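Here's the structure we're looking at; comments come further down.
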Amino acid sequence: MKMIKHVIMGVVLAGFSTTAMAQDGTKADIDAVKKIISSKPADLDDQMKAFYKKNKKNAENLTAFGRAFYEAKDTANASIYADHALKANKNFAPAYILKGDLRALADDGGGAASFYDQAIYFDPKNPEGYRKYASVYRKISPQGAIAKLNDLRAQLPDYPVDAIIGHINYISNNFDEAIAAYEKVDRNKMEKMDMIEYTTSCYFTQKYDKGLDMATFGLQKEPRNSTLNRMAMFCNTEKGDFEKALDYADRLFNKSDSANISYMDYVYYGNALNGAKRHDEAISMFQKALDQEFDNKDKRAGVIQTLANAYKGMEDYPNALKYYEQYLNEVSKASASDYHSFAQLYVKQSNTLAGDAKIEALKKADGIYENMQSKYADIDDFIAFQRAHVGLFMDPDFKQGLANQHYQKLIEVLNAKAEKEAADKKKLTEACGYFINYYIHIAPNTPKAKEYAAILLTIDPENEAANAVMQLK
C-alpha cells in the first residue's frame with residue numbers, strides 16, 4: 001500500500017511543480033533560447049548575451065529564460081535570470097515564483113514559501129503563488145498552508161480552493177481532512193487527480209463504499225485509468241465482494257493505460273482469487289508478487305506470510321508451515337502473535353494426522369510456545385494457557401497429566417492479579433475445573449480437589465461443581 005501511495009503522491013507533486021506561462025510560447029526569443037539550452041553548446045554564455053541584452057528590460061521574457069534553464073536542471077542560470085527579471089521589474093510575481101521553485105528544489109521550504117509569499121503580494125489574484133506556497137509550507141504547517149489557500153478563496157471566490165486543500169491534506173497524510181475538503185467540490189468539476197486522491201484517501205481510511213463510489217464515477221470518464229481501477233479492486237477486495245474485485249483486477253492488468261503493476265497489485269489480485277475459492281490461481285499471484293521489487297525486506301516477508309496463509313486456507317499444512325517459517329526467518333522482528341500463528345499451524349496440522357505423526361506435530365507447537373516464554377514474559381499467562389491446550393491434545397484422557405504444570409502456572413499468574421478481567425476469570429475457571437476433574441476422577445485426592453474448588457469459588461461463588469466438591473467428605 002505504501003508504495004502505491006508514494007507513486008500517486010509523486011505524480012501529484014510533479015503536476016503542481018510546473019509553472020504554466022502559455023503566453024511565453026509565442027515569443028520567438030523564448031523559443032530560440034530553449035533550443036540553445038537544449039543543444040548544450042560550449043559557448044552557452046556567449047550565445048545568451050545577445051538575448052539578455054535585447055530583453056534586459058523585459059521581465060516576462062527574462063523569467064521565461066530562467067524557467068527554461070530550470071526545466072533543463074541548470075539551476076545556476078535559472079537563478080541568474082530570475083534576478084535579471086526582478087532587476088527589470090521588482091514587482092514581477094512569476095520571477096518570485098521561479099525563485100521559490102529553485103529554493104523548493106534545494107529542499108528549503110521556508111525560503112521557497114517566502115518567495116511565493118512575495119509573488120502573492122505583488123499579484124494577489126494569481127492562484128499559482130498560493131498553490132505553490134501551500135505545497136511547500138504544508139511540510140512546516142499544514143494548517144498554515146490551508147490558511148493561505150483560504151486567502152486565495154477571498155481573492156477568487158469561484159476558484160476550486162477546496163480541491164487544493166484536499167490535495168494538501170492528502171500529501172500530508174491527513175486523509176480524513178482530505179476527504180472532507182474534496183466532498184465540498186462538485187465531482188463533475190473535479191480533475192482526474194482530485195478523484196484519484198479522494199478515492200485513495202477513502203481506501204486508506206477504510207471508507208471503502210465512498211472510495212468505490214468515486215472510483216466508479218471516475219472510471220465512467222476514464223475507463224482505462226490504472227489508479228482508479230486499482231482502487232476499485234482494492235476496495236472491493238476489502239469489502240469481500242470478490243467477483244467485482246476480480247473484474248477490476250482484469251481491467252487493471254489487461255485494460256488500463258500505463259499500469260505500473262506492483263507487488264501489492266498481485267497480492268490484492270491473489271486475495272480476491274482466494275476469496276472466490278480459486279486457491280491455485282491465488283497462490284500463483286502471490287508467487288508473482290514475490291518476483292517484484294521491494295524497497296525493504298519486511299514488505300517481502302509480508303507477502304511470504306500471505307502465501308503461507310493461502311496454503312493454510314487450502315489446508316495444505318506442509319506448505320503453509322514451510323512458508324510461515326520462511327516468513328519468520330525474513331521479517332526483521334517477529335511478534336508474539338506471529339509465533340503463536342506458527343504454533344497454531346502445527347496444531348491444525350495435527351488434526352489431520354494420527355498416531356506418532358500427530359504427537360510430533362503437537363510437540364513442535366509446544367516447543368514454539370516454550371521458546372516464547374523467554375522472549376515474552378509479559379504474556380506468560382497466555383503462553384501457559386496455550387501450552388495447557390496443547391498438552392490436552394496430546395493427552396485427551398488426562399492420564400499423563402501433560403497439561404498439569406501449565407494450568408498450575410496459569411492459576412498462579414491469574415490468582416496473583418488484584419483485578420481480574422472477564423477473560424482472566426474464564427481461563428481461571430477452566431484451569432480450576434481441569435484440576436477438580438483430575439483429582440476426582442484421574443488421581444483421586446479430595447483435599448486437592450477442594451483446594452481448586454475453593455479458588456474457583458472466589459471468582460464464581462455460585463459454581464455448582466465447586467460447591468459440590470466442597471461438600472465431599
Side-chain angles (χ1 to χ4, degrees), residues 9-140 145 148 152 164 167-168 171 193:
M9 287 183 178
V11 172
V12 174
L13 286 170
F16 271 72
S17 66
T18 302
T19 301
M21 298 180 67
Q23 66 271 32
D24 296 339
T26 63
K27 294 179 171 58
D29 283 353
I30 296 171
D31 289 340
V33 166
K34 288 181 178 179
K35 288 180 180 179
I36 292 170
I37 293 171
S38 64
S39 66
K40 299 180 181 179
D43 61 343
L44 174 65
D45 290 343
D46 290 337
Q47 290 194 48
M48 286 299 302
K49 285 179 182 178
F51 289 100
Y52 168 66
K53 185 176 180 180
K54 180 180 178 181
N55 293 277
K56 65 181 180 180
K57 293 185 179 181
N58 187 331
E60 183 175 323
N61 278 14
L62 290 170
T63 301
F65 297 166
R67 179 63 62 185
F69 279 115
Y70 176 87
E71 297 295 343
K73 297 182 172 54
D74 184 344
T75 56
N77 273 313
S79 181
I80 289 170
Y81 278 89
D83 289 337
H84 286 332
L86 290 174
K87 186 177 179 181
N89 181 357
K90 66 179 181 180
N91 300 336
F92 192 59
Y96 287 109
I97 289 176
L98 175 57
K99 289 184 73 68
D101 289 351
L102 287 163
R103 296 317 309 151
L105 195 64
D107 202 25
D108 177 8
S114 178
F115 282 119
Y116 295 142
D117 211 20
Q118 287 179 274
I120 293 168
Y121 176 79
F122 289 116
D123 191 359
K125 299 289 186 184
N126 184 351
E128 191 72 6
Y130 297 92
R131 289 170 57 178
K132 295 214 169 191
Y133 179 99
S135 289
V136 295
Y137 203 72
R138 57 98 187 173
K139 297 179 181 178
I140 302 169
K148 184 64 71 174
L152 171 59
I164 305 175
H167 166 71
I168 294 300
I171 59 179
M193 286 309 301

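Owing to the predicted nature of the structure, the values given are computational and were not obtained by experimental measurement.
The closest donor-acceptor contact from the side chain of S114 to the backbone of G110 lies at 3.5 Å or more, if one exists at all. Counting only distance, with no hydrogens or angles, the side chain of N55 and the backbone of N58 share no donor-acceptor pair below 3.5 Å. Side-chain atoms of Y130 come within 3.5 Å of backbone atoms of P124 as a donor-acceptor pair (strictly under, hydrogens ignored). A donor-acceptor distance shorter than 3.5 angstrom exists from the side chain of Y116 to the backbone of D101, with no hydrogens or angles considered. No donor-acceptor pair under 3.5 Å is formed between the side chain of S79 and the backbone N or O of A76.
Looking only at side-chain heavy atoms (C-beta outward), M48 and F69 come within less than 4.5 Å of each other. The side-chain heavy atoms of I168 and Y137, taken from C-beta on, include no pair separated by under 4.5 Å. In this structure, K99 and D83 have side chains that are in contact, with non-hydrogen atoms separated by less than 4.5 Å. Contact annotation: the side chain of F122 never approaches that of N89 to less than 4.5 Å [non-hydrogen atoms, C-beta and beyond].
Closest approach of A85 and A95 over heavy atoms only: CB-CB, 3.9 Å. What you find for F92 and L86 is that their closest heavy atoms are O-CD2, 3.8 Å. Contact detail for S135 and R138: the closest heavy-atom pair is O-CG, 3.2 Å. When every heavy atom of I97 is checked against every heavy atom of K132, the shortest pair comes out as CG2-CD, 4.0 Å. When all heavy atoms are compared, the tightest approach of N77 to L44 is ND2-CD2, 4.1 Å. Shown here for A112 and A104, the closest heavy-atom pair between the two residues is CB-N, 3.6 Å.
The residues D46 and K49 are annotated as salt-bridged, a charged nitrogen and a carboxylate oxygen being separated by less than 4.0 angstrom.
Going from atom CD1 of I164 over to atom CG of L152 covers 6.0 Å, rounded to the nearest 0.5 Å. Annotation: the span from I80 atom CD1 to D45 atom CG amounts to 7.5 Å, rounded to 0.5 Å.
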Passes side-chain contact (heavy atoms from CB on, under 4.5 Å), Y70 versus L105? Steps please.
CA-CA 10 Å; Y70 176 87; L105 195 64; 4.0 Å; yes

Evaluate side-chain contact (heavy atoms from CB on, under 4.5 Å) for I37 paired with F65, printing each intermediate quantity in order.
CA-CA 9 Å; I37 293 171; F65 297 166; over 6 Å; no

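Within the structure, the salt bridge (charged side-chain N to carboxylate O under 4.0 Å, His left out) test picks out the following pairs touching residues 105-120 (sequence neighbours left out): R103-D108, D117-K148.
Relative ring orientation between Y81 and H84 is described as perpendicular, the plane-to-plane angle rising above 60° on a 0-90° scale split at 30° and 60°.
Shown are I36, I30, N61; of these, the side-chain contact (heavy atoms from CB on, under 4.5 Å) with F51 is made only by I36.
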